[in-house]
Amino acid sequence: MATLDLFGGFDEEPAANIVKAREFIIVKDDSQINELIDSLKKCDIFSFHIETREMTFAVNPNDIYKIELPVDDEKCKDLLTKFSCIFNDNEKTIIGHNIKTDISILAKYGLEINNKLWDCMIAHYLIEPELNHSLDYLNDIYATDNTDIRWQLYDKFKALLSENDLENLFHNIEMPLVRVLAKMESNGVKIDINGLKQISEEQAKEIANIENSIYEIAGTTFNIGSPKQLGEILFDKLQIKAPAKKTKTGQYPTGEEVLQKIINENPIVQHILDYRSLTKLKSTYVDALPSLVSPYDGLIHTSFNQAVTATGRLSSNNPNLQNIPVRTDKGREIRKAFVPRDENHILLAADYSQIELRIIAHLSGDQAMQSAFREGLDIHADTAARVYGVDIKDVTSEMRRNAKAVNFGIIYGMSAFGLAERLKISRSEASEIIKNYFKEYVGIQEYIDKQVDFAKQYGYVETMLGRRRYLRDINSGNSVVRNFAERNAINAPIQGSSADMIKIAMINIHNEMKARDMKSKMILQVHDELVFDVHKEELDILSELVKDKMTNALPLNVPIEVNLNTGTNWLEAH
DNA sequence: ATAAGCACGC
DNA sequence: GACGTACGTGCTTATA
């Protein structure tokens with residue numbers, strides 16, 4: 001099952017102490033550069049990479065050209081511009097590793113890469129989503145000689161993409177997406193630094209007050225941020241009845257869930273919760289975000305990572321702009337600090353409604369859930385009506401809340417115990433709800449069973465576009481790891497198909513915006529949401545475009561709904 | 001440096 | 001008897 005078998009096992013892997021030394025043709029003077037450009041002009045595929053001080057080209061696996069880059073920006077730009085005829089040629093294929101980085105570096109010098117992209121990192125991500133995709137790692141595992149590593153990986157991964165039916169996903173989705181993400185990153189997001197500074201000062205005062213209250217009740221000062229110290233204060237010193245189990249390191253658990261259970265035991269508990277959420281907001285967002293504003297353009301430039309998650313979602317870091325608070329009032333204040341870049345712009349947020357449930361309705365073919373979506377019903381209310389056996393107009397808010405938890409639980413492969421814990425109901429009540437659920441949604445139950453069976457037979461599951469997730473523990477004798485694999489068998493195709501869908505939408509929107517030479521910018525993706533910094537003149541046309549491309553990216557046999565909102569900050573637009 | 005525990009998002 | 005809802009990033013603390 002291990003991928004390595006596909007490459008003939010470990011036999012070809014060199015001993016770890018042998019250092020592979022590649023030989024380079026050093027390119028220095030103009031005549032050598034012209035010679036290289038000539039050979040690049042003649043080839044239809046070449047490997048490339050660029051870093052701060054050097055770049056390499058290889059027109060075949062053996063001849064690797066290395067060029068040192070001038071420190072002076074203008075000289076560097078002049079040198080790079082000599083290669084623009086190569087990078088502009090959309091008939092040529094460029095082999096790279098994490099090409100988004102190469103695109104971003106060249107963009108700083110005013111160059112575009114218009115070649116067909118062939119990114120080894122992303123190829124490997126599709127072939128083995130959960131492995132390491134770094135060049136160092138791939139070099140250790142796959143490189144068999146001293147020829148160009150990117151060419152070696154290209155040869156191997158090309159065959160594997162074909163064998164695993166991943167070519168469509170690679171060429172038509174992931175490769176076009178590379179450019180989209182590079183553009184989104186360079187577009188950047190404006191934040192209201194002064195607003196955040198003000199919030200920070202208010203939070204500092206409030207935190208100091210809470211600290212004092214906590215120390216007073218505890219009768220001592222201690223580090224509230226230390227779960228270890230906190231646990232000892234709560235459960236030893238203050239003698240609050242301790243949770244049944246300690247953590248694996250022998251500490252008292254003090255997570256939010258634990259504290260909620262003892263919230264009425266002592267007023268210190270609420271203070272702790274307030275302290276935790278406030279210090280979290282302050283350190284992770286309010287104080288951190290301003291420090292990440294670029295000195296060049298005053299904007300925040302996140303990284304969107306295309307080869308991280310096990311399911312096909314993107315991730316975001318430095319900073320993570322996919323987990324900006326929205327749940328609490330204090331959190332929402334932070335979201336308000338995300339603003340349009342100038343007075344000519346306005347934020348537009350477009351999000352898919354209930355996309356994962358629509359996908360499970362589509363994939364399962366369940367008639368009850370499909371008809372709920374086709375009739376445009378409130379899906380959670382409809383589920384409540386079915387599960388509790390009442391008319392939809394008689395559904396109480398508690399019934400709806402419970403049904404919503406079940407719908408979410410279904411996507412995540414939840415158990416009766418888990419539902420009972422979440423809803424604070426008895427396990428037998430939870431079982432009853434789940435039993436009724438699957439009686440009403442027979443197709444969903446069948447789909448879940450089918451996914452698990454498929455995984456047990458083939459060792460993987462796949463999304464609507466054939467993105468795979470391998471589940472090597474699916475037949476494990478250890479029920480804990482097997483159950484985990486079974487939950488992944490249910491969730492991965494749903495979460496992953498949703499990721500497929502929004503990626504298609506992003507590509508189509510990007511291409512259309514580019515074709516129309518629009519001033520507006522796509523700036524964020526948060527799994528089921530896209531955010532745009534819209535030039536006000538373009539608001540109507542872009543809104544229509546976004547709605548159309550998102551709705552029609554990957555049609556389902558149930559309707560797809562997209563909600564659009566505008567605002568002078570992200571909270572307002574959300 | 002690295003892991004643990006915790007909290008933020010979807 | 002244990003386990004118990006998917007996917008991430010990043011902070012502070014504690015330990016090495």
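First the proteins, then the strands, lettered A, B, ... as listed; each starts at 1.
- Atoms CG (A/N223) and P (C/dT13) sit 5 Å apart, rounded to a whole Å.
- Between the CG atom of A/L357 and the P atom of B/dC10 there is a distance of 16 Å, rounded to whole Å.
- With C/dT9, B/dG5, B/dC8 as the candidates, the nucleotide lying closest to the side chain of A/K248 is B/dG5.
- The nearest pair of heavy atoms linking A/N565 to A/A573 is CB-O, 2.6 Å.
- With rounding to whole Å, A/Q251 atom CD is found 6 Å from B/dG5 atom P.
- The shortest distance between the side-chain N/O atoms of A/R487 and the OP1/OP2 oxygens of C/dC7 is not below 4.0 Å.
- Of the charged side-chain nitrogens involved, at least one lies within less than 4.0 Å of a carboxylate oxygen, so that A/D287 and A/K282 count as a salt-bridged pair.
- Nearest to the side chain of A/F484, among B/dA7, C/dC7, B/dC10, sits C/dC7.
- Taking atom C1' on both nucleotides, B/dC8 is separated from C/dA2 by 30 Å, rounded to a whole Å.
- Look at CD on A/E486: it is 15 Å from C1' on C/dA6, rounded to the nearest Å.
- C/dC3 is unpaired under the criterion used here, namely a Watson-Crick or G-U wobble arrangement in which both key atom distances are under 3.5 Å.
- Residues A/Q354 and A/N407 fail the side-chain proximity criterion, which asks for heavy atoms closer than 4.5 Å.
- With salt bridges taken as basic N to acidic carboxylate O contacts below 4.0 Å, none links A/K261 and A/E256.
- Checking C/dC7, B/dA7, B/dC6 against the side-chain heavy atoms of A/A310 singles out C/dC7 as nearest.
- Side-chain N/O atoms of A/T249 include one lying less than 4.0 angstrom from OP1 or OP2 on B/dG5.
- Taking atom C1' on both B/dT2 and C/dA6, the two are 26 Å apart, rounded to the nearest angstrom.
- The listed nucleotides are B/dC10, C/dG10, B/dC6; the one nearest the side chain of A/P227 is B/dC6.
- Between A/R313 and C/dG8, a side-chain N or O to OP1/OP2 separation shorter than 4.0 Å is absent.
- Using a 4.0 Å heavy-atom distance criterion, A/G418 is classed as a base contact.
- Nucleic acid contact class of A/E256 (heavy atoms, under 4.0 Å, all strands): sugar-phosphate only.
- Between the CG atom of A/N488 and the P atom of C/dG4 there is a distance of 13 Å, given to the nearest Å.
- Nucleic acid contact class of A/T279 (heavy atoms, under 4.0 Å, all strands): none.
- Within the structure, a side-chain polar atom (N or O) of A/S226 is placed less than 4.0 Å from OP1 or OP2 of C/dA14.
- Taking the centre and axis of the six-membered ring of A/F235, the NZ or CZ atom of A/K241 falls outside the cone set by 45° and 6.0 Å.
- Contact annotation: A/T284 side-chain N/O to B/dC8 OP1/OP2 distance is not under 4.0 Å.
- The side chain of A/K280 approaches B/dA7 more closely than any other nucleotide in the set B/dA7, B/dC10, C/dA6.
- Distance, A/Y412 OH to C/dC7 C1': 8 Å, rounded to whole Å.
- Only the C1' atoms considered, B/dA7 is 24 Å distant from C/dC3, to the nearest whole Å.
- Of the listed nucleotides (C/dT9, B/dC8, B/dG5), B/dG5 has the atom at the smallest distance from the side chain of A/T247.
- Judged purely by atom type and a 3.5 angstrom limit, A/S291 uses its side chain to pair as donor or acceptor with the backbone of A/A288.
- Listed pair A/S315 / C/dT9 meets the phosphate criterion, a side-chain N or O lying under 4.0 Å from OP1 or OP2.
- Within the 4.0 angstrom heavy-atom criterion, only backbone atoms of the sugar-phosphate kind lie near A/S277; the bases stay farther away.
- Listed candidates were C/dG8, C/dC7, C/dT12. Nearest to the side chain of A/R469 is C/dC7.
- Distances from the side chain of A/R276 to the nucleotides C/dG10, C/dT9, B/dA7 place B/dA7 closest.
- Residue contacts for A/I324: at a heavy-atom cut-off of 4.0 Å it reaches the sugar-phosphate backbone alone, with no base atom in range.
- In the interface, the side chain of A/R327 is not paired with the base of B/dC8 through any donor and acceptor atom under 3.5 Å apart.
- As rounded to whole Å, 15 Å separates atom C1' of B/dC6 from atom CD of A/Q229.
- Interface remark: the A/Q495 side chain does form a donor-acceptor pair with the C/dA6 base, using a distance-only criterion of under 3.5 Å.
- Within the 4.0 angstrom heavy-atom criterion, only backbone atoms of the sugar-phosphate kind lie near A/N491; the bases stay farther away.
- In this structure, A/R467 pairs ionically with A/E174, as a charged nitrogen and a carboxylate oxygen lie closer than 4.0 Å.
- Counting non-hydrogen atoms of neighbouring residues, nucleotides and ligands closer than 6.0 angstrom, the CD atom of A/E398 reaches no more than 12 such neighbours.
- Residue A/K228 contributes atom NZ, which lies 8 Å from atom C1' of C/dA14 at whole-angstrom precision.
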